[in-house]
Amino acid sequence: MSNSVHVYDARADHATVNAQSPLAYSFQRSGMPAPGEEGRAVVGERAFLGHLILRGGAIVLDEALREVLGIGLPGRPNSLTVDADGQRSVQWLSPDEWLLIVPGDETFGLETRLRAHLGGSHVAIVDVSAGQTLIELTGEAAHGVLMKSTVYDVDPHAFTVGKGVTTIFAKTSVILRRPDESRWELIVRRSFADYVYRWLLDAGEEYGIGVARESRHESQ
Amino acid sequence: MFHIYCPYCEELREEEEFHPKGQAHIARPEEPDACSDEEWGDYLFFRDNPRGIHHEMWLHAVGCRKFFNITRNTVSYEILETYKMGEQPTVGAEHLAREEKTAREGKTDSVQVAEGGQQTVGASDAAQASVKGA
Ligand SMILES: [Zn+2]
């Protein structure tokens, strides 16, 4: 029963705790090279977002999400819905599992409202924000970098905007998705973030890959 | 490297994303307490290892992480169909018999789409020839 679930805000109190993103260590150790002149491939971390895993029946979750967040579940496998300002998204992961990503400070409130709306429905909501991070890849050579890294077909004509898959990336796995024309997003496990970051720097070297300056890896 | 159609993802995905999980459609005995040791041992430990058509469970391990079923020719590695858990295969041993008959009659075109409407991949011409020539 959902009323017996103990829900608490898992985010660090940023006033007293200096949280570090999964890539904070990598940025220090491997550096943050500046993107080449043309900026053909740029990598950046969007840290401290709220990641929620929703599990349960599509109909009940879809209804609750529309009510609480204003966007519904994607109707098709391997696809993604993004809200009007691009800050909130829901992605299909499996027939009974979706990944919801929202701005970090909305996570707890959203989870609470979803639970209230879902009542005793047979669903699970798990806050996995601390376990993974989102790496953004932009630039005209972005899909070139991906082609060297994953077995999935990342040709922009095949991997269209709104598609998202869980697949193999180098020797690990990632959630790979394309929320709009210009961006690719990789959701990586915290413990593999350093590996993926260094892989990207290496694979993107020929394209002059660099790190976006705004990458924020420590909370203030 | 070949592609496998995941019935949950509804698309062809790389072989690397999957793991085989052994024989499918093994029913747990209705009344375990009433089983003889032999029946229970069969259920737990003994698996078919046919030459030809085999129904197997596979897992889309790096993907949707769901189990599903594959009907596969263990000689040619040809995948004849994939279907969801709880569903029944539409291709059986008679499919192979039919193919062999066709081969004997001198037709060599390899089947690309199984009767179930699913894809058929992975069988090299050489493997096909060795089955049909057998
Ligand atoms: Zn799948």
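Scope of the values below: all heavy atoms of this structure, side chains included, with no hydrogens, waters or symmetry mates. It should be emphasised that the depicted structure is a prediction, and the values quoted were computed from it without experimental measurement. Chain letters run A, B, ... following the sequence lines, proteins first and then strands; every chain starts at 1.
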For chain B, find its close neighbours in residues 169-205 of chain A: heavy-atom separation under 4.5 Å, sorted by number, or none. A/Ser173

Reported CD1-to-CD distance for the pair A/Ile168 and B/Glu14, which is rounded to 0.5 angstrom: 7.5 Å

Near B/Tyr43 OH, under 6.0 Å, is it more than 12 heavy atoms from other residues, nucleotides or ligands? yes

Considering only heavy atoms, give the residues of residues 73-101 of chain A separated from chain B by less than 4.5 Å, sorted numerically, with 'none' for an empty result. A/Arg76, A/Pro77, A/Asn78, A/Trp92, A/Leu93, A/Ser94, A/Pro95, A/Asp96, A/Glu97

Looking at A/Ile59, I want to see if its CD1 is surrounded by more than 12 non-hydrogen atoms of other residues, nucleotides or ligands under 6.0 Å. no

Any side-chain heavy-atom pair of B/Glu17 and A/Val151 under 4.5 Å: yes

Is atom CZ of A/Arg29 surrounded by more than 12 heavy atoms (other residues, nucleotides or ligands) closer than 6.0 Å? no

A quick test of your reading: do over 12 heavy atoms of other residues, nucleotides or ligands sit less than 6.0 Å from CE of B/Met57? yes

What distance separates A/Tyr152 OH from B/Glu11 CD, expressed to the nearest 0.5 Å? 3.0 Å

